[in-house]
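Computed from a prediction, not measured in an experiment: that's the story for all the values here.
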Amino acid sequence: GTSAATPVAAGASVLVRQFLREEMSVSQPGSDLIKAILINGAKDIGSGDIPNANEGWGQLDLQRSIYPTSGILALNTFFDQDQTLSAGHSYLYTYSLDGSYGVSVTLVWNDREGSSSASQSSSRLVNNLDLMVMAPDGTQYKGNVFQSGFSTTGGSADSVNNVERVKLGSTQTGNWSIQVSNSGGGSQDFAIVITGMGNANPVSDLSTVGDSLWCSDSDPLEGDTLLLGANWVNQAPATTSAYDVMVEDLTTGTVLYTE
């Protein structure tokens with residue numbers, strides 16, 4: 001019951017924090033990262049049917065959380081707690097993974113306090129993050145869309161929970177993409193944990209910012225001087241290579257400016 005589960009979970013949280021500080025040199029591990037690590041290694045007991053009301057994401061298993069293995073082989077664990085997303089923005093992680101060992105991804109964030117007067121049928125999330133994992137062949141898996149204990153395709157993005165998971169058994173080998181998106185609300189930080197057999201393969205991902213393209217005059221006349229503005233952000237960990245900026249008259253195909 002809860003009388004035993006609570007002290008076990010609390011003790012495991014302390015040990016994960018100690019592990020991150022002493023073994024991984026994370027000086028200030030957040031509670032969301034600790035929670036993500038514990039959930040990511042939880043063991044589905046009985047029939048494969050997580051998540052469910054009886055065991056949630058499974059039985060806490062500290063060994064699987066901090067030293068995950070497949071048989072006698074140690075799996076690689078990647079984590080990040082240093083990103084913050086504004087509404088409408090995303091962050092992209094890429095990894096080269098041997099899918100025969102499975103893939104497990106857990107996203108956790110500490111949401112802002114919600115309204116106590118909201119109706120029972122409305123979502124309690126203030127800042128809604130979404131997890132999406134893309135396989136090498138383009139197959140997409142949304143967070144918390146599960147069947148028989150594993151992720152499945154289709155379904156809808158979760159707008160209720162501040163924990164989202166994708167868990168796959170033996171699957172494709174190649175370059176996997178993991179995207180975290182802020183689908184609504186305010187600025188929100190998060191923690192993410194990825195377990196598999198492989199290595200990080202970071203890329204850059206340039207994207208324009210909302211309302212970042214503007215013109216000083218929406219109805220210019222021939223001969224008028226215009227000011228054009230634009231700004232963009234890199235939504236992935238790798239630095240960008242050289243790129244060009246070009247202004248083109250789409251009616252004539254004339255390149256007006258390039259840099």
Side-chain angles (χ1 to χ4, degrees), residues 2 5-6 8-14 16-17 20-21 24 26-42 50-60 65 77-93 104-134 140-146 151 155-167 177-195 205 207 209-210 233 235-237:
T2 56
T6 299
V8 169
S13 298
V14 171
V16 169
R17 185 177 186 275
L20 289 169
R21 286 173 56 87
M24 306 303 294
V26 180
S27 59
Q28 294 182 315
S31 59
D32 49 356
L33 177 59
I34 294 171
K35 182 177 179 179
I37 289 174
L38 289 174
I39 291 174
N40 199 61
I50 60 167
N52 60 67
N54 295 318
E55 58 179 316
W57 287 111
Q59 184 182 58
L60 191 150
S65 290
T77 297
F78 312 92
F79 59 84
D80 185 19
Q81 63 167 2
D82 298 328
Q83 310 306 321
T84 300
L85 292 175
S86 301
H89 286 242
S90 301
Y91 199 79
L92 183 69
Y93 303 89
S104 183
V105 184
T106 302
L107 169 70
V108 175
W109 68 99
N110 294 324
D111 195 25
R112 293 286 306 276
E113 61 277 6
S115 170
S116 60
S117 60
S119 67
Q120 290 296 316
S121 60
S122 64
S123 172
R124 290 297 191 272
L125 284 181
V126 176
N127 300 326
N128 181 21
L129 302 188
D130 287 318
L131 173 65
M132 194 274 288
V133 176
M134 183 180 293
Q140 296 183 359
Y141 299 92
K142 299 182 181 70
N144 293 355
V145 179
F146 273 66
S151 294
S156 302
D158 188 333
S159 61
V160 176
N161 299 288
N162 67 332
V163 174
E164 295 199 14
R165 290 202 69 194
V166 168
K167 181 183 179 183
S177 299
I178 300 166
Q179 180 175 280
V180 180
S181 303
N182 187 332
S183 301
S187 180
Q188 179 64 55
D189 55 0
F190 62 89
I192 188 168
V193 178
I194 302 102
T195 298
D205 181 28
S207 176
V209 181
V233 294
Q235 300 185 136

Minimum heavy-atom separation for [X] and [Y], please, with both atom names.
| X | Y | result |
| --- | --- | --- |
| L38 | A12 | CD2-CB, 4.0 Å |
| N182 | G185 | OD1-N, 4.3 Å |
| S65 | I37 | OG-O, 3.1 Å |

Q | K142 vs S156 side-chain heavy atoms within contact, under 4.5 Å | A |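 No - every pair of side-chain heavy atoms lies 4.5 Å or more apart.
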Q) Does L20 reach the side chain of F79, with side-chain heavy atoms less than 4.5 Å apart? A)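 Answer yes - side chains close enough.
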Do side-chain atoms of [X] reach the backbone of [Y] as a donor and acceptor pair under 3.5 angstrom?
| X | Y | value |
| --- | --- | --- |
| Q188 | W109 | no |
| R165 | N144 | no |
| E164 | L131 | yes |
| S181 | D130 | no |
| Q81 | Q28 | yes |
| N52 | N54 | yes |
| D32 | A36 | no |

With rounding to the nearest 0.5 angstrom, report the [atom1] to [atom2] distance, [X] to [Y].
| X | Y | atom1 | atom2 | answer |
| --- | --- | --- | --- | --- |
| S151 | K167 | OG | NZ | 9.0 Å |
| N128 | L125 | CG | CG | 5.5 Å |
| I194 | I178 | CD1 | CD1 | 4.5 Å |
| L33 | F190 | CG | CZ | 11.5 Å |
| L129 | I192 | CG | CD1 | 10.0 Å |
| R112 | N127 | CZ | CG | 7.5 Å |

Q: Go through V105 and Y141 one step at a time and tell me if the side chain to side chain contact (heavy atoms under 4.5 Å, CB included) criterion holds.
A: CA-CA 11 Å; V105 184; Y141 299 92; over 6 Å; no
Q | W57 and V163: CA distance, side-chain angles, deciding distance, side chain to side chain contact (heavy atoms under 4.5 Å, CB included) verdict | A | CA-CA 10 Å; W57 287 111; V163 174; 3.8 Å; yes
Q: Any chance you could lay out the side chain to side chain donor-acceptor pair (under 3.5 Å) test for Q179 and S177, step after step, and finish with the verdict?
A: CA-CA 6 Å; Q179 180 175 280; S177 299; over 6 Å; no
